[in-house]
Structure formats: C-alpha cells, structure tokens
Amino acid sequence: GPAALYTTQYLLKHLGLNPSTKINVDIYEKLPVPFGLVRYGVAPDHQDVKNVIKSFTDTLRNEQVNFFGNVNIGTDLRINELLDAYNCVVLAYGSHSENYLNVPGEKEFSNFVSAKSFVSWYNGVPEADGFKLNLSCKRALIIGAGNVSLDIARILLSPTDKLSRTDISHGALEIIKKTNQIEHVAIVARRGLLNAAFTLKELRELSKIDGVECKLDASQFDEIEYERTVGKLARPRKRLVEFMHSLATKSATSSAKKRLELMFMRTPKEILGSRETKAVSGASFKLNKYDVAFSDPNLKLDDEKHLNELKLVDDGGREERIDADLVIRSIGYKNVNIDESIPFDKKQGVVPNEHGKVLGKEGLYCTGWIKRGPRGVIVDTTSDAYETAHKICSNLTDPAGTSLLA
Ligand code: NAP
C-alpha cells in the first residue's frame, strides 16, 4: 500500500543510484494486486487521492523493484526467514482488523454491517464477494463519526449518475442503482462536537450533495457556549466547528428530499432488531454531556490534547432509541500482529519503534498505520514513510558513508 510504496520511493532516491549502495526492493502483498488502501480504502469518488497510483506504478516498473502478490506473510513466509534473506525488512501491512462495539445485539441481526466490509464492497475487494446488504429501505444509521462514516454517507446519498462517473465497483453500482431507497442517514458520535473525528473538507463535500440537507441540533452550541468557546480553538478545529454551526443555524431547504443528520453525545448501548425476522431495527444509546465549565476564562481548548481531556458524564441517565433499517458500525480499524516473532504492543496496537526502527529486532523496520496506529490521511503516510526510510538509509551505511549492503 501507500506506506510501502512511499518508503520504496525514498529508498530508491537515496540508495538506488550510487553503485555502492544500489538496492533491490522486493514487495510482498497478501492480495494479488498492489496499492492497498489507495485502491481498496479511499472512496471511489476521491479520484484526486487515487491519482497517486500513477506514481506508484512508475515505482513498481523500476527494474530494482519486484512485486510478489498472493503471499501471506506469517503463513507462507515467516519474518525470520525474510530477515535471513534481506539486509532489512519493513513492515507496512497497515490495519487488518476493525474495532467492535461489544454491545448486545452486535452479532445477531441482518443489515447490521461493518464499515470495513461496506468499504470493501464498494471498492471491489475480492474478499467482499458475497457481501449482503439491503438498501431497499429509508433510514440508515452509522455508528462512529470519522471520515470513513462520511465516505459511506456520501455513497449512500449521492445521485447514481454521479456515482457512475467514479471508480466504484460495477457490482456495487448496479445494486445501488436498482435498490437504494435510503433517504435519511444519521451519523452518531459518542463525544461532543468539539471532538468530532471527521474533517472539514469531507463534511463540506457531504453538505454540497444535490438534494441533501445536512442537519445538526443547534442547542448543543448553546451548551458549549459557542461564541466564547469557538474563539479559543486552534484554526482547523475552529473552522470545522464554525462550519457545523452554520449547518445547524441554516434554515431548512424545502426542496431537499434526503437528509443527513449529525448527532453527538451518544454512546451505543444495544443494537436492536426483530427476534422473529432477525432484521436490524436501530440502536439504543446512552446520552452524555460535557462536564466542563465553558465559562471558565482559564479553560484551555487550543489544541487536540486539551480537547481530548474534556470530561464527559452521563446526561442524567437519559437514553434514546434511533430507528434504522440499515445500521453500519464505523468505529475505526485495528492493528494485528501477523507473525509471533514481531514485537507488538497489544495495548497501543502498534509495533514499538524508534523513528521506524523496530525495538528489539535487528534489521526490522515499520511504516504507516502499523507504526503509528490507524489514523491519518495519505499525506501523513508520506512523512512517516520518509522517516522510516531515512532511518534505514543511515543504518545501512556506516558513518563514513560506506555501504554495508554487500
Ligand atoms: P476514526 O477517525 O478513528 O473515527 C472513528 C470514530 O468511531 C470516532 O468518532 C470514534 O469516537 C468512534 N468510536 C470508536 N470506538 C467507539 C465505540 N466503542 N463506540 C462508539 N464510537 C466509537 O476512524 P475512521 O473513520 O475509520 O478513519 C480512520 C483514519 O482514516 C482517520 O484518520 C481518517 O481521517 C482517515 N480517513 C480519511 C479520509 C479522507 O481524508 N477523506 C477518508 C477515510 C478515512 P471517539 O473519537 O470518541 O473515539
């Protein structure tokens, strides 16, 4: 995926031309084809992001680079075998698994699906063959409010002629064209709007879809003392909160047939469904509120660390049920260890490393989501891959600059 290919590009640039350090890079991949999340994660209508495939293809065409698809590391080949065969091995296998809600009903009902399988389905991942989804219904509920949730909402609410002009899988497009009747999508976050995990660009894009009205409950802006609080936020967060405020205070458009609702302060309690038909019917939530004196002039809100420290409490034991005929769990990905010889920090869900060099295992490096956790966009992967590649370059040449590769 992108982490591996950016690392390769940097290694070729810095070690590839000098005859004394001329390197070969072999890339092993579980799937038959390359590009990982760029091919199978990035939404099909985000062609600008997918364009990076062109530069990755050039990298794979380089005679110093080999690609081996359909190889399952940890099963077909072990890390220790690779370490015996290469000067260095870089783990760039991203986040294979996903988080679970661990609430009653999560494994019981049809039309309760995970974001991972939904995204795989519309991106045509071979493993998603056989994915079952009923879109002949009006209301969808997405639990979790990151950018993946916004991607999914956009696919559900966009006109089909717009989707036809994207990279969406042919099978998914046909099903959407024939069956999609979703008119209302609720995206539900457990924390408040100051902690929204999605970003402005993605929300703005969603709010611009023809015939879709974006709604938020305006009263939550009073609760955070909006006028006072917004001025304390750092710029990216401030612009996002201002934009949400503009959506909340905008008057309703009578022509909009579809609606997207952003709901905050709701911790999932149970997935609900019919005991007879086994069809999902919604979810119940425990309501939260900020336990913070927003009027306090000393309250610090100027960075993400302070925002993450904002305390939440039960909102007087209140609960709420949200009805839906399609429920999607979209609460982030999870890293797993693919070979027992890899040092792995289970608590943090990452491979312990120093600037990309794996701690406690000579010759082993890591990059991308397995290095820092399943957060961030492709641009973050670039700087991260460069850091790891830089570490490799300095470890593979001695202080005098002589190659240790021979
Ligand atoms: P994410 O950004 O980590 O968001 C996960 C969401 O799920 C958060 O709202 C989180 O709430 C919530 N959540 C986690 N555990 C939960 C639980 N047990 N109960 C209820 N809610 C829970 O994950 P993501 O959306 O999968 O995205 C992964 C990364 O890819 C992100 O960095 C994202 O920005 C990036 N991405 C970017 C784009 C783009 O740029 N267009 C598109 C897709 C993905 P808390 O915040 O309270 O934990």
Side-chain angles (χ1 to χ4, degrees), residues 1-3 36-52 94-106 112-120 122-123 141-155 166-167 186-206 236-237 240 244 262-271 283-288 290 304-305 307-312 320 322 327-335 349-350 368-382 384:
L37 271 192
V38 179
R39 188 193 286 260
Y40 288 138
V42 172
D45 54 345
H46 280 177
Q47 206 53 50
D48 51 330
V49 182
K50 284 186 184 268
N51 273 343
V52 72
S95 306
H96 277 217
S97 191
E98 55 191 325
N99 291 322
Y100 285 83
L101 291 165
N102 297 317
V103 298
E106 193 170 15
F112 173 80
V113 298
S114 75
K116 188 168 183 279
S117 45
F118 194 95
V119 169
S120 298
Y122 65 56
N123 274 324
L141 163 64
I142 306 180
I143 300 177
N147 280 327
V148 169
S149 301
L150 267 54
D151 281 351
I152 292 173
R154 221 173 47 252
I155 298 294
T166 72
D167 221 7
I187 295 183
V188 180
R190 61 182 168 181
R191 293 192 283 168
L193 54 89
L194 294 174
N195 301 103
F198 51 75
T199 42
L200 177 62
K201 183 170 164 279
E202 283 61 36
L203 180 59
R204 193 171 266 153
E205 190 181 0
L206 195 50
R237 179 64 60 183
L240 176 62
M244 286 194 274
L262 291 171
M263 304 170 89
F264 292 92
M265 294 295 195
R266 288 157 169 89
T267 298
K269 191 165 171 258
E270 185 172 354
I271 305 301
S284 64
F285 296 85
K286 176 179 79 60
L287 301 198
N288 308 314
Y290 282 121
E304 290 303 303
K305 182 177 164 289
L307 292 174
N308 281 328
E309 284 166 1
L310 294 177
K311 211 172 150 219
L312 291 187
E320 185 186 80
I322 300 177
V327 179
I328 301 166
R329 179 189 62 220
S330 177
I331 58 169
Y333 294 87
K334 191 175 161 191
N335 287 344
V350 292
W369 279 6
I370 194 65
K371 172 182 175 186
R372 69 188 141 87
R375 281 179 305 280
V377 292
I378 307 284
V379 180
D380 304 325
T381 307
T382 326
D384 186 51

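In listed order, ligands and their atoms are each counted from 1.
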Closest approach of any protein heavy atom to atom 44 (C) of ligand 1, naming residue and atom: Val148 CG2, 3.6 Å
With only distance considered, is Ala145 within less than 3.5 Å of ligand 1 through an N or O on each side? yes
Among all protein heavy atoms in this structure, tell me which lies nearest to atom 23 (O) of ligand 1, with the distance rounded to 0.1 Å. Gly332 CA, 3.7 Å
Counting from 1 in the order shown, the ligand 1 atoms closer than 4.0 Å to a non-hydrogen atom of Glu202 are 39 (C), 40 (O), 41 (N)
More than 12 heavy atoms from other groups under 6.0 Å of NZ on Lys334: no
Could you tell me which atoms of ligand 1, counted from 1 in the order shown, lie closer than 4.0 angstrom to a heavy atom of Pro268? 19 (N), 20 (C)
Under 4.0 Å from one or more heavy atoms of Arg191, ligand 1 contributes atoms 45 (P), 46 (O), 47 (O)
Out of Ile152, Asn147, Val119, who is nearest to atom 37 (C) of ligand 1 when you count heavy atoms only? Asn147
Just to confirm my output: which protein heavy-atom neighbour is closest to atom 7 (O) of ligand 1, and how far is it? Ile331 CA, 3.2 Å
Is a donor on one side and an acceptor on the other found under 3.5 Å between the side chain of Arg39 and the backbone of Leu37? no
Closest approach of any protein heavy atom to atom 1 (P) of ligand 1, naming residue and atom: Gly146 CA, 4.3 Å
For Lys305, does its backbone N or O pair with a side-chain atom of Asn308 as donor and acceptor, under 3.5 Å? no
For ligand 1 and Ser149, I'd like to know whether there is a polar contact (N/O to N/O, distance under 3.5 Å). no
Which one holds for Pro374 and ligand 1: side chain close, backbone close, both close, or neither close, with close meaning a heavy atom under 4.0 Å? backbone
Are Lys201 and Glu205 ion-paired here, with the side-chain N under 4.0 Å from a carboxylate O? no
What one should report as the nearest heavy-atom pair of Gly373 and Asn335 is CA-ND2, 3.9 Å
Does ligand 1 have a heavy atom under 4.0 Å from the side chain of Trp369, from its backbone, from both, or from neither? side chain
Any nitrogen or oxygen of Leu101 lying under 3.5 Å from a nitrogen or oxygen in ligand 1? Just yes or no. no
So, is Val377 polar-close to ligand 1, with some N/O to N/O distance under 3.5 Å? no
Locate the shortest heavy-atom distance separating Ile187 from Gly144; write the atom from each residue and the value. CG2-O, 3.5 Å
Would you say atom 3 (O) of ligand 1 has a protein heavy atom nearer than 4.0 Å? no
List ligand 1 atoms under 4.0 Å from Tyr333, heavy atoms only on the residue side. 26 (O)
As an exercise, identify every atom of ligand 1 less than 4.0 angstrom from a heavy atom of Arg375. 32 (O)
Shortest non-hydrogen pair, Lys269 vs Pro104, comes out as O-CD, 3.4 Å
Near His46 (heavy-atom distance under 4.0 Å), the atoms of ligand 1 are 41 (N)
So, regarding Asn195 and ligand 1 (criterion: nitrogen or oxygen to nitrogen or oxygen, under 3.5 Å), is there a contact or not? no
Ranked by distance from atom 43 (C) of ligand 1, the top protein heavy atom is Asp151 OD2, 3.4 Å
Indicate, as side chain, backbone, both or neither, the part of Leu150 found under 4.0 angstrom from ligand 1 when only non-hydrogen atoms are considered. neither
Under 3.5 Å, is there a donor-acceptor pair between the side chain of Asp384 and the main chain of Ala3? no
Gln47 vs Thr166 side-chain heavy atoms within contact, under 4.5 Å: no
Pair Tyr122-Asp151, side-chain contact (heavy atoms from CB on, under 4.5 Å): steps then yes or no: CA-CA 11 Å; Tyr122 65 56; Asp151 281 351; 3.6 Å; yes
Which residue and heavy atom of the protein sit nearest atom 31 (C) of ligand 1, plus the separation: Gly376 N, 3.8 Å
Counting from 1 in the order shown, the ligand 1 atoms closer than 4.0 Å to a non-hydrogen atom of Ser330 are 6 (C), 7 (O)
Nearest 0.5 Å, please: how far is CZ in Phe285 from CD1 in Ile143? 4.5 Å
With the threshold set strictly below 4.0 angstrom, can you tell me whether any protein non-hydrogen atom sits that near atom 10 (C) of ligand 1? no
Check the pair Leu194, Met244 against side-chain contact (heavy atoms from CB on, under 4.5 Å), reporting the backbone distance first and the verdict last. CA-CA 10 Å; Leu194 294 174; Met244 286 194 274; over 6 Å; no
So with a 6.0 Å cut-off around NZ of Lys286, is the heavy-atom count from everything else above 12? yes
So for ligand 1, is Arg190 a polar contact partner (N or O within less than 3.5 Å, distance only)? yes
May I ask you to establish whether Arg329 and Tyr100 are in a cation-pi arrangement, using a distance under 6.0 Å from NZ or CZ to the six-membered ring centre and at most 45° from the ring axis? yes
With rounding to the nearest 0.5 angstrom, report the CG to CG distance, Leu206 to Leu150. 5.0 Å
